[in-house]
Amino acid sequence: MNKAILKVENLKKYFPVKRGIIETLRGEPQKFVKAIDGISFEVRKGETLALIGESGCGKTTTGRVVLRLIEPTDGKIIFDGTDITMLNDEELRPYRRRMQMVFQDPYASLSPRMKIGEAIAHPLLIHGLASKEEAKELVLKMLKRVGLTPEDEFYDRYPHHLSGGQRQRVVIARAMILKPEFVVADEAVSMIDVSMRASILQLLESFKEEYNLSMLFITHDIAVAKLIADRIAVMYLGKIVEIGPTDEVLKNPGHPYTLALIQAVPSVVKRKEHRKRIEITGEVPNAVSPPGGCRFHPRCPFADERCRKMEPAYIEYEKGHFVACHHPIRG
Ligand SMILES: Nc1ncnc2c1ncn2[C@@H]1O[C@H](COP(=O)(O)OP(=O)(O)OP(=O)(O)O)[C@@H](O)[C@H]1O
Ligand SMILES: [Mg+2]
């Protein structure tokens, strides 16, 4: 088995909730949104781990915390064997280059006043990895590599001259120009036309092979996770409820939540592959005061007293496939 490039141990991120005047005057205690609440996982070298789950379950927060773009509240982040949780900005610099993020909204993450070529060259220059002339040459090569040709024409264009798919290619080029070892891709194809998705996924896949890249691929779309991921981690309300090899998790999910997510997208797995059927109702509860016991119990058709009282530990459901549930689905 490959070694881990990223290892996360009991990671937490709580955001303080803004208090109104009345709460402050009453001296009410500070409340927190428990965006991630004690998650552990690893991403192995050369592997793509997809992080899936409904809106608000903590996927983006996880991506930002592991790259140290925001500070964790608790827990450990280990990158290639080094604990980077407490490193200061200066100490983090060499790691910043090795870990990159591809953002969800390419329009928002590109400066409207910066030419495409300059935007892609920027990371090379701030890390002092190339002179201006060298950077330009590398950028032209990269533009060609990501399919933005004629490359010298694209070099001088501004983001608003590009389509959504082309802008996403620019964002990928900017992340890849540093030859990172680990990338967090946050909903990298969600805003792109379905017809363009496959080619962007292929582009990411080609970098994965060329650089032996490891990826944390955040998506709410199971069909996309199925296409790109080696393993899948399922998040619910700040926790990972199931993790395992992609095919295993999709065909043989152990957590009722995972099964419901998969069955909500009929194209992903044929109906006959799952013996049980499940539909969940209701909304994701508030992350400020999540339900006690198993967080999923208010929406779970199998919940009993134990689920209401006790948080489930992970069980190894199949080899390398873990489920946190008191009543995992069998067969
Ligand atoms: N800076 C912040 N301040 C306060 N709360 C935040 C902040 N960022 C995220 N949250 C809250 O943390 C929780 C998790 O948010 P996050 O963006 O990680 O979810 P997500 O799984 O990426 O959702 P989506 O699929 O909609 O992108 C949400 O309740 C969100 O409102
Ligand atoms: Mg998100």
Side-chain angles (χ1 to χ4, degrees), residues 6 8 10-20 23-24 28-41 43 48-75 77 99-109 164 168 171-172 175 183-192 197 200 204 215-226 228-229 232-243 249 255 257-258 260-262 264-265 268 280 282-291 295-296 298-299 324:
L6 178 83
V8 161
N10 198 26
L11 200 64
K12 295 183 183 171
K13 178 66 190 181
Y14 295 178
F15 293 107
V17 178
K18 277 210 185 95
R19 279 194 292 187
E23 285 113 329
T24 312
E28 287 182 12
Q30 174 69 54
K31 288 184 180 152
F32 294 91
V33 177
K34 294 172 178 165
I36 46 180
D37 202 9
I39 60 172
S40 302
F41 63 91
V43 181
T48 298
L49 175 70
L51 197 54
I52 67 169
E54 284 167 292
S55 182
C57 68
K59 303 180 295 294
T60 296
T61 306
T62 303
R64 295 174 68 85
V65 173
V66 300
L67 295 180
R68 288 274 325 263
L69 298 174
I70 50 176
E71 295 302 317
T73 305
D74 198 8
I77 307 156
M99 326 191 280
Q100 292 294 312
M101 182 139 186
V102 174
F103 290 95
Q104 172 164 14
D105 180 354
Y107 211 28
S109 65
Q168 192 57 275
V171 171
I172 292 171
V183 167
V184 173
D186 189 359
E187 305 281 8
V189 294
S190 306
M191 288 178 74
I192 300 172
R197 275 188 200 170
I200 301 270
L204 283 170
M215 253 198 293
L216 182 64
F217 193 93
I218 295 170
T219 179
H220 63 272
D221 187 337
I222 301 185
V224 169
K226 183 184 176 186
I228 196 151
I232 289 183
V234 183
M235 265 188 109
Y236 186 77
L237 210 57
K239 295 264 184 197
I240 290 178
V241 297
E242 178 153 9
I243 185 166
V249 170
H255 200 288
Y257 178 63
T258 313
L261 277 185
I262 298 168
V265 195
V268 176
I280 47 168
E283 301 265 313
V284 182
N286 191 327
V288 175
S289 44
R295 277 168 198 217
F296 185 58
R299 298 172 82 192

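Indexing begins at 1, ligand by ligand and atom by atom, following the structure's order. Side chains are part of it too, since the values below use all heavy atoms of this structure and drop only hydrogens, waters and symmetry mates.
In terms of polar-atom proximity, defined here as any N/O pair under 3.5 Å, His220 makes no such contact with ligand 1. Residue Ser55 has at least one N or O atom closer than 3.5 Å to an N or O atom of ligand 1. Distances between N or O atoms of Ala35 and those of ligand 1 include no value under 3.5 Å.
The number of heavy-atom neighbours closer than 6.0 Å to NZ of Lys12, taken from other residues, nucleotides and ligands shown, is above 12.
Aromatic pair Tyr236/His255: centroids not less than 6.0 angstrom apart.
The nearest pair of heavy atoms linking Ile77 to Val66 is CG2-O, 3.6 Å. Across Gly38 and Asn10, no two heavy atoms sit closer than the pair CA-OD1, 3.3 Å.
The heavy atom nearest to atom 8 (N) of ligand 1, out of those in Phe32, Tyr14, Phe15, is found in Phe15.
Side chains of Gln30 and Tyr14: no donor on one and acceptor on the other come within 3.5 Å.
A donor-acceptor pair under 3.5 Å is formed between the side chain of Arg299 and the backbone N or O of Gly282. Between the side chain of Lys59 and the main chain of Gly53, a donor-acceptor pair closer than 3.5 Å is present. Using a distance-only test at 3.5 Å, with no hydrogens or angles considered, no donor-acceptor pair links the side chain of Gln168 to the main chain of Val189.
For the side chain to side chain donor-acceptor pair (under 3.5 Å) with Tyr257, the qualifying choice from Glu54, Glu242, Arg295 is Glu54, the only one to do so.
Scanning the protein for heavy atoms near atom 23 (O) of ligand 1, the closest one is Gly56 N, 2.8 Å. Counting only heavy atoms of the protein, atom 25 (O) of ligand 1 lies nearest to Lys59 NZ, 2.8 Å. The single protein non-hydrogen atom nearest to atom 15 (O) of ligand 1 is Thr61 OG1, 3.7 Å, given as residue, atom name and distance.
Because the distance cut-off is set at 2.8 Å, Thr60 qualifies as a neighbour of the Mg ion (ligand 2) through one of its N, O or S atoms.
Of the protein's heavy atoms, at least one falls inside 4.0 Å of atom 6 (C) of ligand 1. Within a 4.0 Å radius of atom 10 (N) of ligand 1, the protein contributes one or more non-hydrogen atoms.
Distances below 4.0 Å separate heavy atoms of Val33 from the following atoms of ligand 1: 11 (C), 12 (O), 29 (O). Those atoms of ligand 1 with a heavy atom of Thr60 less than 4.0 angstrom away are 17 (O), 18 (O), 20 (P), 22 (O), 27 (O).
Under the 4.0 angstrom criterion for non-hydrogen atoms, Gly53 is not in contact with ligand 1.
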